[in-house]
Number of protein chains: 2
Amino acid sequence: MQKNPAQCQFVVALDSIVGKWKPMILYHLFQGEPLRFNELKRLLPDITQRMLTLHLRELEGEGIVKRVVYPQVPPKVEYSITEYGMSLSPILETLHQWGKAHIERKQLKNAENEDTKSD
Amino acid sequence: MQKNPAQCQFVVALDSIVGKWKPMILYHLFQGEPLRFNELKRLLPDITQRMLTLHLRELEGEGIVKRVVYPQVPPKVEYSITEYGMSLSPILETLHQWGKAHIERKQLKNAENEDTKSD
DNA sequence: CAGTATCCGGCTTGATACTG
DNA sequence: CAGTATCAAGCCGGATACTG
């Protein structure tokens, strides 16, 4: 894509965590407990099986998520954050902090607008 | 979108910086100097005017970028990071660090694969 | 110079059905 | 249970032309 040597490395990082459901998947897996496919599906009520599979495969491909298959019937598959994936936690943490502040800021702005509107 | 109370706040943060060119735009503006529309365009050789406008408008809407119009002919418009926008710097910094490490890791993996392939 | 306006293609996501 | 396969829709971004 872009060749710019140093500057586009956060694009790389973003690619690993961007996707409609990836942040949510990561959030739940970061709770620590390994989760089964259907447990994740239940936690993400609006996701389709297809998207859950796709995103999990991508995260697995990046080495962020570990997939463990228990050979039994009915099948059991558990997903968890890899040790490497844990290295994302500073990113998720700063994103979370900033997102929180950003929402509060927006609500403030809206409140101000309500004020001036009433004149 | 999702109602999940606390957990989706990094989605909010991501929304503010995700977009094909937003990270690059931010990168250049974070250098400190205000940049004119065409200067940004020159720094982002493959961006279209349309996308540059759209992304700048979005960043402006979020309060991250400031747009200053100098009323003169030919028009002059300067873009710069707002003080609020500066609060993104921890995010960009961690993303950058992680992206760098992630690339190196991938190259390592590739090298390993080359080794085993030669058997 | 700094944009808009239109039109269009592709990739991401969604819906639904099927399976070991 | 944990997926795959197929098809279709929607949104993001690209190309191009036009303008105060």
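An OP1 or OP2 oxygen of dT13(C) is reached within less than 4.0 angstrom by a side-chain nitrogen or oxygen of H55(A). For R36(B), no side-chain nitrogen or oxygen approaches OP1 or OP2 of dG3(C) to under 4.0 Å. Dashed line: the shortest gap from a side-chain N or O of R50(B) to OP1 or OP2 of dT6(C) is not under 4.0 Å. When the side-chain nitrogen and oxygen atoms of K20(B) are compared with OP1 and OP2 of dG14(D), one or more of them lie within a distance under 4.0 Å.
You'll find that the side chain of R57(B) is closest to dG3(C), out of dG14(C), dA2(D), dG3(C). The side chain of M51(A) approaches dG14(C) more closely than any other nucleotide in the set dT4(C), dG20(D), dG14(C). Of the listed nucleotides (dC1(C), dC1(D), dA15(D)), dA15(D) has the atom at the smallest distance from the side chain of T48(B). Among the nucleotides dG13(D), dG3(C), dG3(D), the one closest to any side-chain atom of F37(B) is dG3(C). In this structure, the nucleotide among dC1(C), dG14(D), dG3(C) sitting nearest to the side chain of Q49(B) is dG3(C). Comparing atom distances between the R67(B) side chain and each of dG3(D), dG3(C), dG14(C) picks out dG3(C) as nearest. Distance from the side chain of Y79(B) is smallest for dG3(C) among the nucleotides dG13(D), dG3(C), dG3(D).
Among all heavy-atom pairs drawn from Y79(A) and R57(A), the shortest one is OH-NH1, 3.3 Å.
At whole-Å resolution of the value, CG in L43(B) and C1' in dA2(C) are 16 Å apart. Regarding K41(B), its NZ atom lies at a distance of 12 Å from the P atom of dA15(D), rounded to whole Å.
R105(A) forms a cation-pi arrangement with Y84(B), by the criterion of a distance under 6.0 Å to the ring centre and an angle within 45° of the ring axis.
With both pairing distances under 3.5 Å, dG20(D) is matched to dC1(C) as a Watson-Crick or G-U wobble pair.
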query: So E62(B) and K106(A), salt bridge (charged side-chain N to carboxylate O under 4.0 Å, His left out) or not? Walk me through it.
result: CA-CA 9 Å; E62(B) 304 277 33; K106(A) 273 192 176 167; 3.4 Å; yes
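Each of E58(A), H55(A), M51(A) was evaluated against I25(A); a single residue qualifies, H55(A), per the side-chain contact (heavy atoms from CB on, under 4.5 Å) test.
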